[in-house]
Structure formats: C-alpha cells, structure tokens
2 protein chains.
Amino acid sequence: MFLTDKGNHPDISLKVCGYSRMLEIISSKWTVLVFYALENGSARYGEMGRRIEGISKKMLTQTLRQLERDGLVMRHLTPTIPPRVDYSLTPLGESLLKPMQELKKWTIDHYSDVEQARDHYDQSAVSQDFAENE
Amino acid sequence: MFLTDKGNHPDISLKVCGYSRMLEIISSKWTVLVFYALENGSARYGEMGRRIEGISKKMLTQTLRQLERDGLVMRHLTPTIPPRVDYSLTPLGESLLKPMQELKKWTIDHYSDVEQARDHYDQSAVSQDFAENE
DNA sequence: CCGTATCCTCCCGGATACTG
DNA sequence: CAGTATCCGGGAGGATACGG
C-alpha cells in the first residue's frame, strides 16, 4: 500500500465515496441478474432459479436476502403446503430501475467499442511479445 | 445449480445480459475509484496511489491496465528519468460519466433509505433469534 | 518514479446432502 | 417447494522484494 506522507491525506475513501456505496449494493453479478429478473414484475423462487442461468440455490437465496435487507426486494410467503414464495421489487427497488437502465443502455450502445478496444490492446500486446523474442 | 428441465431454457444469461456486460466493466471497487479519480482531469500514477485510500500498487496498476484495455482510460508516458506517467479518461470513458453519475446520485439520494432498511432487517432478525431462545 | 514478480492467505461460491 | 448446513478448491488480492 502507498504510504500516506505527512499531511497528504487520501481524498478518495471507500467509506464515503458515492460510487463505492453504489457498488456495495449492486456490484455482484448475481445481485444484478436477480434484480433484472424482477424488472417486469414478481417471480417465484424456483422460477427465478430456472430463469437465471448457472445460479445455485445458495447464491439465489443469499442474493435475495441481501436485496431484501437493503430494502430493494420484498418477500411474500404463502404458507400453503408446499409453500409458495414470491419476490418483487419494493418502491425503493423500482426507483433504482431508471439509473440502472441508463447504464445498461450505455453498455449496449458502447459494448462494441469496448470489445474493439480490447482487440486492439491485445493485438499490440502480442506483437510486442513477438518483438521481444526476436 | 438448478437443472434446466426439458425445453425450459433459462432466459437470463450472463453472456448476453446488458447488465452483466456492464458489471464486467465497472463492478470492482478499485475500477470505480480509479475512474472516479479521473473524473476531473488527468492524474499521475503516484498521485492516484496517494489519493485512493488503501489501494496497493498491484491493484492500481492492474485496474489501470484493465481500464486502458477497455478503452476507457489513456496512458501517457513522458520518458524522462525518472519517468512520468499520466492517466486520463478517453472520450469513451467520458461518455460513461453521465450514466455513472446518475447512479451515484441515486445512491446519495437513497443511501439513507438503504441503511434504514438494513437496520430494520437486522432488528427483526435479532428479535427472532431472541424469540427462538425463549 | 513507475512499475513487475513472487509468495501466500483468505474467503467466495460451487457441490452435495438434508429439512419443514 | 423453498430453503439450510457443511465441506472444500481456486482465485482475488495484500505484502514484500526487486528492476529500468
């Protein structure tokens, strides 16, 4: 880690940065996919498990609990046998939709640019490696 | 993992989901903090290391390389001795600023709601634990 | 000053088995 | 159906030392 020399205090701290708090809430891929699965209304537990490719029960439950704890998702239990559990976005969760969708739009609009940049970067990397081995 | 039963294909895949691609680019805390450090213009390597609390050289370099590879950040080397290296956002990187700031604004506006929800959730959790041990 | 290389630890998350 | 409990391997990332 960099040493903080006399009086030169860091001004970007994880604790107070708005961006960090943002990531604290939505930075996991499962969190976002689960959130995404609820964009168009409520869904049952098993249903979500089937719709979200590759998620395990453990992560589905854990992710839903976290979203619930943060007040973004509601859990509704119907105590039949077998039980039925539905999840849906809270008003707070819905308020997050718009900025999230803006960011999704940016990604869709610019992902090809990112891919192109990666190709270009990797290309120069290999040609440099090649030059070294001459 | 949930089994994909006959014909019931999952419709939310990591590979094609816009949100996932978004996280692919900005989901790490260091990535976001480094990006943040460049919001108001270019900065030198060491300067960023001092400003971003807790980051190690390894992660700073790794993060900058990734942002550079994705075409969001530019690296400018001045080959003096000792060398001087400045980093800045590319136009693509700048285009990401707006949606990111929207999300940051949401976080600032609603973080207290999230904290309140957490308190409430944790509160009910402990009172439940308490009830169990009666 | 601006990195890279190496080692080593910790914890995330998958697999599996069990329960109301 | 909707979870919980336990075990465990791999990779992210910190600490440290070295290099141009």
Side-chain angles (χ1 to χ4, degrees), chain A residues 1-5 8 10 14 20 23-24 26-34 37-38 42-69 73-88 125 128-129 132, chain B residues 1-5 8 10 14 20 23-24 26-34 37-38 42-69 73-88 125 128-129 132:
Chain A
M1 187 192 318
F2 287 89
L3 291 180
T4 309
D5 34 285
N8 201 342
L14 282 177
S20 295
L23 290 183
E24 189 186 298
I26 55 138
S27 76
S28 130
K29 62 178 183 181
W30 295 130
T31 302
V32 168
L33 290 183
V34 166
L38 294 171
S42 67
R44 297 186 63 172
Y45 177 86
E47 187 188 344
M48 299 178 74
R50 264 171 267 114
R51 287 182 60 206
I52 303 174
E53 186 174 3
I55 198 169
S56 63
K57 284 183 181 183
K58 177 179 175 180
M59 289 318 292
L60 180 56
T61 301
Q62 183 175 312
T63 304
L64 283 165
R65 290 289 173 278
Q66 187 197 313
L67 284 167
E68 201 190 345
R69 187 173 107 96
V73 159
M74 279 186 58
R75 178 174 185 273
H76 182 71
L77 165 70
T78 311
T80 49
I81 297 182
R84 171 194 176 110
V85 182
D86 292 273
Y87 291 91
S88 60
Q128 242 181 291
D129 284 356
E132 278 174 19
Chain B
M1 189 192 320
F2 287 87
L3 290 180
T4 309
D5 35 284
N8 202 344
L14 283 178
S20 297
L23 289 183
E24 189 187 299
I26 55 138
S27 74
S28 132
K29 62 178 181 180
W30 296 131
T31 303
V32 169
L33 290 184
V34 166
L38 295 172
S42 67
R44 296 186 62 174
Y45 178 84
E47 187 189 343
M48 298 179 74
R50 265 172 266 115
R51 287 182 60 205
I52 303 174
E53 186 174 5
I55 197 168
S56 63
K57 284 182 182 184
K58 177 178 174 180
M59 289 317 292
L60 180 56
T61 301
Q62 183 175 311
T63 303
L64 283 166
R65 290 289 172 277
Q66 187 196 313
L67 285 166
E68 202 191 344
R69 186 174 109 96
V73 159
M74 278 185 59
R75 179 174 185 270
H76 181 71
L77 164 69
T78 311
T80 48
I81 296 181
R84 171 194 177 110
V85 182
D86 292 273
Y87 291 92
S88 60
Q128 238 180 294
D129 284 354
E132 277 174 18

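Below, chain A is the first sequence line, B the second, and so on; all start at residue 1.
Between the C1' atom of dA2(D) and the CE atom of Met48(A) lies a distance of 13 Å, rounded to the nearest Å. Regarding Leu77(B), its CG atom lies at a distance of 16 Å from the P atom of dG20(D), rounded to whole Å. In this structure, the CH2 atom of Trp30(B) is 9 Å from the P atom of dG13(D), given to the nearest Å. For the pair Leu60(B) CG and dA12(D) C1', the computed distance is 17 Å after rounding to whole Å. Rounded to an integer number of Å, the gap from Ile55(A) CD1 to dG14(C) C1' is 12 Å. Residue Lys29(B) contributes atom NZ, which lies 13 Å from atom C1' of dC11(C) at whole-angstrom precision.
Applying the side chain to side chain donor-acceptor pair (under 3.5 Å) test to Thr61(A) and every residue at least two apart in sequence or in another chain returns Tyr45(A). Here Leu77(B) pairs with Arg75(B), Pro83(B), Val85(B) under the side-chain contact (heavy atoms from CB on, under 4.5 Å) rule; sequence neighbours left out. When the side-chain contact (heavy atoms from CB on, under 4.5 Å) test is applied to Leu23(B), the partners found at least two apart in sequence or on another chain are Lys29(A), Val32(A), Ser27(B). Partners of Arg44(B) by side-chain contact (heavy atoms from CB on, under 4.5 Å), not counting sequence neighbours, listed by chain and number: Glu47(B), Arg84(B), Asp86(B). For Ser88(A), there are no side chain to side chain donor-acceptor pair (under 3.5 Å) partners at least two apart in sequence or on another chain.
Between Met59(A) and Pro82(A), the residue anchored closer to the 5' end of DNA chain C is Met59(A), taking for each the nucleotide with the nearest heavy atom. Between Arg44(A) and Pro83(B), it is Arg44(A) whose nearest contact on DNA chain D lies nearer the 5' terminus.
For the pair Ile55(B) and Val34(B), the minimum side-chain heavy-atom distance is below 4.5 Å. Contact check for Glu53(A) versus Leu33(A): no side-chain heavy atoms found under the 4.5 Å cut-off.
Using five terminal pairs a side, the axes of the helix from dC1(C)-dG20(D) to dG20(C)-dC1(D) at its two ends make an angle of 50°, given in steps of 10 degrees.
A pairwise comparison of heavy atoms in Ala37(A) and Met48(A) identifies CB-CE, 4.1 Å as the closest pair.
The OG1 atom of Thr63(B) lies 10.5 Å from the OH atom of Tyr87(B); values are rounded to the nearest 0.5 Å.
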Identify each atom pair where a protein N or O and an N or O of nucleotides 3-5 of chain D are less than 3.5 Å apart, giving names and distance.
| unit_1 | atom_1 | unit_2 | atom_2 | d |
| --- | --- | --- | --- | --- |
| dG3(D) | OP1 | Arg65(A) | NH2 | 3.2 |
| dG3(D) | OP1 | Arg75(A) | NE | 3.4 |
| dG3(D) | OP1 | Arg75(A) | NH2 | 2.7 |
| dG3(D) | OP2 | Tyr87(A) | OH | 2.9 |
| dG3(D) | N7 | Lys57(A) | NZ | 3.3 |
| dG3(D) | O6 | Lys57(A) | NZ | 3.4 |

